[in-house]
Amino acid sequence: MKKHTRLVKPILAMVAAFSLALGVGACGSGSTPTQTGGSTTASENGTSRAKVYDSVKAITDDSDLVVVGTVADQKVVQDIDDETDFTLSTVKVITTKKGDAGDETVVVRQTGSTKNQTAGAMMKTGSTYLLFLVHSGLSGDLASQYYVTGAGAGIYLAPATVKAKAQTGTATEQDISGETFSRVNGDSGDKLPATLTVDEVPAAS
């Protein structure tokens, strides 16, 4: 009986070691960025992101709202805690490519401010943008607000010609349809085009 006991102990030790090796391997593969719908895990300016985008279709599919609009007003608030700044931009919508902009004005939240910027690039009052947006997921009055899809990835700036018309309130859907918007944050890690027209944004499926 003692002889069998001596044999069982080394076998159990070998099984435990083998199981541990398999567990480490699984953890290692889990920490590697995973490919999901053309996107991987990433970190942008110290802010963790769930995805990076390798196509306009991918970022469009993940967005709840895609619009062209002009920032009419901005304010900095601390409405989540007493330390974190959020810049709220009231955007007057010129045209909607995906989703429903409601009363043609949307509020876009960006983490940080010009004084305490933590991620991405802050939008500016008076500038016109092509924006890829997602619902904020917040409660109460903040539920109707939006975040930029992919942090700063979903912001494209309009050329000066569109900005001038937008500031006078004369910009129309025809004015911006053929204009080239420039990507604001080229260091986000996304493989998105540096420039984009509204016509190049895929139609909502």
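Numbers for residues simply follow the sequence, beginning at 1.
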Rounded distance (nearest 0.5 Å) linking atom CG of L88 with atom CE of M123: 10.0 Å

Side-chain heavy-atom pair L133, V108 within 4.5 angstrom cut-off: yes

Flag side-chain contact, heavy atom, 4.5 Å: H135 against Y146: yes

Partner residues of T60 under the side chain to side chain contact (heavy atoms under 4.5 Å, CB included) criterion, sequence neighbours left out: V56, V66, K98, F132, V201, P202

Note, F181 side chain near V68 side chain (heavy atom, < 4.5 Å): yes

Check against side-chain hydrogen bond (donor to acceptor under 3.5 Å, both in side chains), T87 and S113: CA-CA 6 Å; T87 298; S113 64; 5.1 Å; no

Where S89 and V71 come nearest, the two heavy atoms and their spacing: CB-CG1, 4.0 Å

Residues that R109 engages under side chain to side chain donor-acceptor pair (under 3.5 Å), provided they are two or more places apart: D79, Q145, Y147

Atom pair CG (L196) and CG (L130), whose distance is rounded to the nearest 0.5 Å: 5.5 Å

Rounded distance (nearest 0.5 Å) linking atom OG of S55 with atom CG of L192: 7.5 Å

Exercise: identify the closest heavy-atom pair between T96 and G99: CG2-O, 3.4 Å

Flag, side chain of T195 to backbone of T180, donor-acceptor distance under 3.5 Å: no

Exercise: identify the closest heavy-atom pair between S63 and V134: CA-CG1, 4.1 Å

Contacts of Y156 that satisfy ring pair (Phe, Tyr, Trp, His ring centres under 6.0 Å) - sequence neighbours left out: none

Audit row: T84, Q78, side chain to side chain contact (heavy atoms under 4.5 Å, CB included) steps and yes/no: CA-CA 6 Å; T84 308; Q78 293 181 338; over 6 Å; no

Side chain to side chain contact (heavy atoms under 4.5 Å, CB included) partners for D73, two or more places apart: T90

I80 vs L138 side-chain heavy atoms within contact, under 4.5 Å: yes

All side chain to side chain donor-acceptor pair (under 3.5 Å) counterparts of K57, not counting sequence neighbours: D61

Heavy-atom check, side chain of S188 versus side chain of R183, under 4.5 Å: yes

Non-neighbouring partners of D100 that pass side chain to side chain donor-acceptor pair (under 3.5 Å), sequence neighbours left out: none

Interatomic distance, L131 atom CG to L157 atom CG [nearest 0.5 angstrom]: 10.0 Å

Student check: side-chain heavy atoms of V184 and Y129 closer than 4.5 Å: yes

